[in-house]
Undergrad: 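Let me begin by handing over the structure; questions about it come next.
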Amino acid sequence: MKYITYFIKFFYRIRFWLIIAPIIVASLVYWKTNNSPRDYTTTCSIYTGIITGVNILSESGVTTTSYTQGSMMDNLLNIITADQTLKQVSLRLYARIMVYGDPHKDNIYTKASNYRNLYNHGIPIHNLIDKKSDNDSINEQRTYEKLLAYETNDPTNYVYGIYQWNLPYVNRETLKKIYVKRLGNSDVLEVSYTTNDPGIAYQTVLILIDEFNKQYQELRFGETNNVIKHFRHELDSIGKELKISEDSLTKYRVEKQVINYDEETKHVAALNRDYELQYWETLNNYNSTDSLKRELEKRMQLYTEIIQNNNSFILLNSKISEINEKLAMAKYYTSDAVSKVTIDSLQRELDKNETALTEAVHKIGYLKYSKEGISNENMIEEWLKQVLAYKKAQAELIVLNKRKIHMAQKYIHFAPIGSTLTRKERMVNINERRYLAILDALNTALLKQKSIQMNSASLKLMNAPYYPLVPSALGKHKLLTIGAYLATLIFTIFFFLIIEILDHTLHNLFKAEQLTGCKVLGAFTRQLSLAARRYNKVYATLSAQNLCNSATTYFKPDQSNIINLISNEPGEGKSYIMEQMAQQFMERGYDVTQLSWQNEPQTDAQAFIQSLNMNDPDDLEKNSLKEKIVIVEYPSLKEAALTANILQNVSLNLQVVDSRRTWKNTDQQRFERTKEMCHKAPLFLVLNYTKRDAAEDVNGLMPPYSFLRKLLYQLSQLGLTANDKTTQISKDKHRND
């Protein structure tokens, strides 16, 4: 707490310096910079619509995280302040100033003085400034294009140095002062630019907004267009491969006459199954009819040979076999285009020949009876029936054997087609999946492109830049003035603080107790001048009263009380303090005796000390000094040395210190020795020649008692909520009495 109080009082002591010095310096700076150019600021707001705006991705349900949104806004901020953007702004601004500027008159593009400076500086490229057209916008564009064409990465190239050199208004350092920020968490960017030329400030922001749109679209669309171009190239390439594989598959199917391989192979398998069943069934019929036929022929013996050798029988049997074979072919080769009419005709012809064969056999009448006279008609009919069945089965076997070869060829035909078709279909499927994947990526890229187009369309000016007519509220000279004031204030504080820390003068209570390690019992002010000199006597009285009050607390009853006044250096004011204390004690009714080495006839200071030291203090107390206050002023410790007997056999030792002089190391050493010799006797400091503020730290508030002084004293004592009123205390005292 004491440190807080100390610093408050420290600031109070240097209050005049803190007020006057900064004001003087700030006034000088303001006077010197009052004629400096004023700063003009122009601002604008851009609505981006990236986050909250409507686009294809948001409408399709695709959401973005807050990190992505922040990155998108950071990208916009980086684009608008990028070197590439600012370089284009620099060249376009230079071209516009050169085309529209007037060396004799200020306009909305630049001041005449600034135009002359830039024009005279750019003598090497005057031939690039095009003013041939009546349309200045065309001249500006042509000048800009010539500047771009002339520029090379060469330090000696003037156009290359427009942005790199220290050319005012168009160099990199100046354009980097363009301030861009995002307004809160919104989609709005605010751009502001401050310079001492209102026209250049206005034109710079106009060009920056236009260049920002171009750079943004070039970066975003350039990236997306490259992706779309890549996907389209890949799509064409894979499409060609897909077409080639599909054509190869189609050609192979045509060559092999395969429409649906799976169904056709199922059909072939079904045909083969039916063929196997029919083959074994026909073979079984063939074997059974052949067996029956042979059995009947054995029984008929000679008759069979006669019938078989009959020309009609042979002819009809041959026709029947031929017709059966044709019918079998029509039955088992359904793929052949045999009409029902033809089949019916063959069936009628077969029936006709079978009937004819039966009749031819019956015409051989002598065969009806055997030689034993037994009838053979039934046996012949059965034999003829088995012959016809045999011929039919034989014809079907011939056809089925041919069909077996045909089925084998079918398997030979379809077996390699399956693996080849699978391979070709797999290639078509792979190419198709690749094609669809690239097509999906292309659609996504096109969707992204359309979204970027919508976002780019939403980059609109909410507040267009304006031509500033009034200088900024805080001009450069005002900022310099405020800065000078604050700098001076801080310098003054630190200057006096360093002095306060390094100073070894006991000019106040805190420094005295800190440097010496001893308590301060009293403080006397120096003789004040001017208006405060009328209070010199009052201050002396108040200081003496406070010192005597404090000293009385160390007096011993029923005996004399000796007060030693000592000092390290002569001229510390011991005699003055002794007189003030003696007067104050006498006013209180004490019997006071003053002993001073200066009043004794001995001129030697050490002899005075020895004379006091030879007397027995106990005898002195018992006889002549009983119930008295003896104030003894000793010579300075620099002139004479005190003994422990003198310092210990007293009521109080007071070390008088001139607060105006430096407390040296020798002073501290002497004080330490004195403190050791005092042993148990009290030893305190008395500050002399202090300032009034320092004396108030010991004596309390001293006159004049004005309201301001009371308030400042109360604040210095941290009485922030106190209500110290003497009148109120007096009333309370009378009420208690």
Undergrad: So, the side chain of Ser567 versus the backbone of Glu569: is there a donor-acceptor pair under 3.5 Å, distance only?
TA: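 Side chain of Ser567 to backbone of Glu569, a donor-acceptor pair under 3.5 Å: yes, one is there.
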
Undergrad: Without hydrogens or angle criteria, can the side chains of Asn120 and Tyr115 be said to hold a donor-acceptor pair below 3.5 Å?
TA: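 There is no such pair between these side chains.
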
Undergrad: Can you tell me how far the CD atom of Gln648 sits from the OG1 atom of Thr643, to the nearest 0.5 Å?
TA: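 It comes to 9.0 Å.
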
Undergrad: Are Tyr554 and Phe684 close enough that their ring centres sit under 6.0 Å apart?
TA: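 Ring centroids of Tyr554 and Phe684 are less than 6.0 Å from each other.
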
Undergrad: Under the 3.5 angstrom rule, does the side chain of Asp658 hit a backbone N or O of Gly573 as a donor-acceptor pair?
TA: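 Looks like no, no N/O pair under 3.5 Å.
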
Undergrad: So do Arg588 and Cys548 actually touch side chain to side chain, heavy atoms under 4.5 Å?
TA: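 Yes; the side chains approach each other to less than 4.5 Å.
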
Undergrad: Does any N or O in the side chain of Lys574 come within less than 3.5 Å of the main-chain N or O of Ser596, such that one atom is a donor and the other an acceptor?
TA: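 Checking the backbone N and O of Ser596 against the side chain of Lys574, no donor-acceptor pair under 3.5 Å is found.
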
Undergrad: Check this for me: does any side-chain nitrogen of one of Asp503 and Lys511 sit under 4.0 Å from a carboxylate oxygen of the other?
TA: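 Judged by the 4.0 Å cut-off on N to carboxylate O distance, Asp503 and Lys511 do not form a salt bridge.
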
Undergrad: Does a sphere of radius 6.0 Å around CZ in Phe495 hold more than 12 heavy atoms from other residues, nucleotides or ligands, not counting ones at 6.0 Å or beyond?
TA: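 Incorrect, the count does not exceed 12.
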
Undergrad: What do you reckon, is CZ of Phe494 surrounded by more than 12 foreign heavy atoms closer than 6.0 Å?
TA: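 Incorrect, the count does not exceed 12.
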
Undergrad: Would you kindly check if the NZ (Lys) or CZ (Arg) of Arg660 is within the cone defined by 45 degrees around the ring axis of Tyr689 and under 6.0 Å from the six-membered ring centre?
TA: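 The answer is yes, since Arg660 meets both limits relative to Tyr689.
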
Undergrad: Tell me whether Asn78 contacts the main-chain N or O of Asp74 through its side chain, where contact means a donor paired with an acceptor under 3.5 Å.
TA: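 Yes, Asn78 side chain to Asp74 backbone: donor-acceptor pair under 3.5 Å.
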
Undergrad: Quick one: does any side-chain atom of Asp106 pair with a main-chain N or O of Ala112 as donor and acceptor, under 3.5 Å?
TA: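 Such a contact is found between Asp106 side chain and Ala112 backbone.
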
Undergrad: Can you find a side-chain donor-acceptor pair between Asp39 and Thr194 that sits under 3.5 Å?
TA: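 Short answer, no.
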
Undergrad: Is there a donor-acceptor pair closer than 3.5 Å between any side-chain N or O of Asp197 and the backbone N or O of Thr110?
TA: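 No: the side chain of Asp197 does not pair with the backbone of Thr110.
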
Undergrad: Judged by modelled atom types alone, do Glu579 and Gln583 share a side-chain donor-acceptor pair under 3.5 Å?
TA: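 Judged by distance alone, the side chains do not pair up.
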
Undergrad: Quick one: does any side-chain atom of Lys675 pair with a main-chain N or O of Arg670 as donor and acceptor, under 3.5 Å?
TA: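 Not at all, since once roles are kept as given, no pair shorter than 3.5 Å links the two residues.
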
Undergrad: Between Arg661 and Asp667, is the closest basic N to carboxylate O distance under 4.0 Å?
TA: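 So Asp667 pairs with Arg661 through a salt bridge.
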
Undergrad: Give me the ring orientation class for Tyr202 and Tyr467: parallel if the planes are under 30° apart, tilted from 30 to 60°, perpendicular past 60°.
TA: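 Because their plane-to-plane angle is over 60°, the rings of Tyr202 and Tyr467 count as perpendicular.
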
Undergrad: So, does Asn171 use its side chain to make a donor-acceptor pair with the main chain of Tyr163 at under 3.5 Å?
TA: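 Between the backbone of Tyr163 and the side chain of Asn171 there is no qualifying donor-acceptor contact (under 3.5 Å).
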
Undergrad: Run the numbers on Phe11 and Phe496 for ring-ring contact (aromatic ring centres under 6.0 Å, His included), then give the verdict.
TA: CA-CA 9 Å; Phe11 285 113; Phe496 282 100; over 10 Å; no

Undergrad: Strictly by modelled atom types, are Ser575 and Glu633 linked by a side-chain donor-acceptor pair under 3.5 Å?
TA: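 Per modelled atom types, Ser575 and Glu633 side chains form a pair under 3.5 Å.
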
Undergrad: Could you tell me the separation between the OG atom of Ser113 and the CG atom of Asn117, rounded to the nearest 0.5 Å?
TA: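 Output value for this atom pair is 6.0 Å.
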
